[in-house]
Amino acid sequence: MAIRVAVDAMGGDDAPGAVIEGTLRAVRAARGTMEVVLYGPKERLRQELRGATAEGLRIVDAPEVIEMGDMPVAAVRSKPRSSVLVGLSEHKQGRTDAFISAGNTGATVAASLFSLGRLPGVVRPAMPTCYPTVKGVCLVLDIGSNMDSKAEHLLQFARLGAAYCRTLLAVDEPTVGLLSVGEEPAKGNELVKAAHALFSHAPDLRFVGNIEGRDILHHGADVVVCDGFIGNVVLKLGESIATAIPDMVRQELRCMDVSAEVAHVMEDVFSKVAQRFNSEQYGGGVPLLGVDGTVFIMHGRSSASAIGRCIRMASQAATLGMRAALESALRTHVTTP
């Protein structure tokens with residue numbers, strides 16, 4: 001049976017155009033092995049399609065739209081027929097195997113919790129991102145869904161991240177590091193010190209201790225755990241590298257007496273390095289780990305290419321049983337608030 005991916009057609013700065021274009025690319029490339037369901041105002045989506053068709057593509061009417069500027073909780077409560085709520089409701093009912101949205105992140109998180117609920121034992125869902133390193137990628141979480149966390153929440157993030165690493169990144173025994181300002185257990189704020197004590201006594205984790213910001217790019221651990229405030233700073237720093245490094249290289253080249261050919265090669269090399277920090281290289285979206293479903297959230301500025309990649313990644317996550325793997329990792333480790 002083909003994997004069924006639900007897509008919020010109205011989510012994103014360039015919706016529904018970019019979403020439809022990315023969806024068509026993904027479903028055509030799948031050649032019958034994947035079904036994609038677009039949720040949004042049916043007539044508007046049909047107009048945007050302009051007669052374009054693809055095997056496995058269908059539309060479900062969802063006449064209301066949660067805008068990027070809407071207050072998340074209020075929007076979820078006042079727009080029950082929105083593309084986000086209808087799509088997540090059908091995912092809950094088992095009519096689709098995964099759900100993605102590039103819309104209002106806060107609303108998507110709130111709607112996911114409202115419609116799907118949490119996996120058993122989960123207190124706070126978390127969002128991870130793949131971060132480039134000298135040895136491939138590491139997973140950093142949380143990157144923004146929890147600005148204020150407790151030590152118990154960080155421990156749960158570690159378990160969710162390790163399970164995701166095993167399932168989607170094919171790392172058999174992922175190492176886990178706690179992001180801090182020093183390697184010693186006594187370094188860090190009260191949250192990090194309390195989390196270190198919990199991590200140290202968790203037999204199911206390959207805890208390597210505290211790691212510092214400078215260790216991330218050197219692959220200090222397969223999974224790097226932090227609260228959402230710090231994680232979002234790390235994420236945005238990485239995003240800036242993708243644009244700043246090429247500019248810095250060009251500035252230096254203008255000051256050097258090198259041939260145009262050499263300059264071109266150097267620019268090309270550094271541009272490729274900078275591209276490692278482009279989130280589209282790792283699927284275009286991030287999973288919301290801990291909800292009772294398979295949900296991926298994308299940046300509002302996501303391109304058609306990124307949307308197509310995220311659809312394929314969501315399909316892969318459903319195929320590999322991401323939700324079941326997360327539930328298994330948490331089954332014997334129930335956390336209380």
Side-chain angles (χ1 to χ4, degrees), residues 109 121-166 168-169 171-242 244-245 276-277 279 282 286-290 326 329-330 333-337:
V109 172
V122 169
V123 178
R124 299 277 188 90
M127 293 191 297
T129 188
C130 286
Y131 217 82
T133 76
V134 295
K135 298 179 181 178
V137 298
C138 69
L139 201 70
V140 178
L141 76 165
D142 179 41
I143 59 165
S145 56
N146 300 280
M147 292 298 168
D148 296 294
S149 299
K150 297 179 181 179
E152 293 82 0
H153 302 155
L154 298 190
L155 177 61
Q156 198 166 79
F157 299 165
R159 289 180 170 133
L160 290 169
Y164 182 82
C165 249
R166 287 191 294 268
L168 270 295
L169 302 184
V171 180
D172 291 335
E173 297 183 10
T175 55
V176 176
L178 182 62
L179 193 59
S180 186
V181 295
E183 296 180 358
E184 300 83 1
K187 290 289 184 69
N189 56 21
E190 293 304 315
L191 170 64
V192 171
K193 287 186 283 188
H196 189 285
L198 292 179
F199 282 34
S200 298
H201 293 90
D204 56 310
L205 298 179
R206 286 188 64 198
F207 182 47
V208 296
N210 288 347
I211 67 169
E212 300 179 68
R214 65 187 178 190
D215 299 319
I216 295 177
L217 297 183
H218 291 287
H219 207 104
D222 297 312
V223 179
V224 179
V225 181
C226 55
D227 65 70
F229 183 89
I230 298 298
N232 197 260
V233 172
V234 172
L235 172 70
K236 299 298 174 59
L237 176 62
E239 290 177 348
S240 72
I241 291 174
I245 291 296
R276 295 186 186 184
F277 291 88
S279 62
Y282 312 107
V286 300
L288 182 60
L289 304 181
L326 297 174
L330 295 166
H333 305 287
V334 177
T335 304
T336 55

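Between E239 and K236, no side-chain nitrogen of the basic residue sits less than 4.0 Å from a carboxylate oxygen of the acidic one, so the salt-bridge criterion is not met. Comment: K150 does not engage E152 in a salt bridge, judged by the lack of any side-chain N to carboxylate O separation of less than 4.0 angstrom.
Heavy-atom minimum distance, C226 versus V140: SG-CG1, 4.2 Å. Nearest heavy atom pair, residue F199 against residue V225, reads CZ-CG1, 4.0 Å. The shortest non-hydrogen separation linking R166 to A329 is NH2-CB, 4.0 Å. For the residue pair L205 and A158, the shortest heavy atom distance occurs at CD1-CB, 3.8 Å. Of all heavy-atom pairs between A221 and T175, the closest is CA-OG1, 3.4 Å. Taking each heavy atom of C165 and D222 in turn, the nearest pair found is SG-O, 4.0 Å.
A donor-acceptor pair under 3.5 Å is absent between the side-chain atoms of Q156 and the main chain of A126, judged by distance alone. A donor-acceptor pair under 3.5 Å is absent between the side-chain atoms of R124 and the main chain of G290, judged by distance alone. The backbone N or O of E173 sits less than 3.5 Å from a side-chain atom of R206, completing a donor-acceptor pair.
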Item to check | Criterion side-chain contact (heavy atoms from CB on, under 4.5 Å) on V234 and L179, from CA distance to verdict | outcome: CA-CA 10 Å; V234 172; L179 193 59; 4.1 Å; yes
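Between N189 atom CG and D227 atom CG the span is 7.5 Å, to the nearest 0.5 Å. Atom SG in C130 sits 5.5 Å away from atom CG in L139 (nearest 0.5 Å). The line from CD of E183 to CG of D215 is 6.0 Å long, rounded to the nearest 0.5 Å. Once rounded to the nearest 0.5 Å, the distance linking CD1 of I143 with CZ of F157 reads 11.5 Å. Note that the CG atom of L235 and the OG1 atom of T129 stand 5.5 Å from one another [nearest 0.5 Å]. To the nearest 0.5 Å, the span separating CG on L178 from CG on L191 amounts to 8.0 Å.
Tested against P174 for a side-chain contact (heavy atoms from CB on, under 4.5 Å), the candidates V171, V176, D172 yield a single pass: V171.
Residues that satisfy the salt bridge (charged side-chain N to carboxylate O under 4.0 Å, His left out) test with K187, not counting sequence neighbours, are E184.
A heavy-atom distance below 4.5 Å is found between the side chains of P128 and L289. A 4.5 Å side-chain heavy-atom check between N146 and H153 finds every atom pair outside the cut-off. Contact check for V223 versus Y164: no side-chain heavy atoms found under the 4.5 Å cut-off. Counting heavy atoms from C-beta outward, Y131 and I216 have side chains that approach closer than 4.5 Å.
One side chain, D142 or S145, offers a donor N or O that lies under 3.5 Å from an acceptor on the other.
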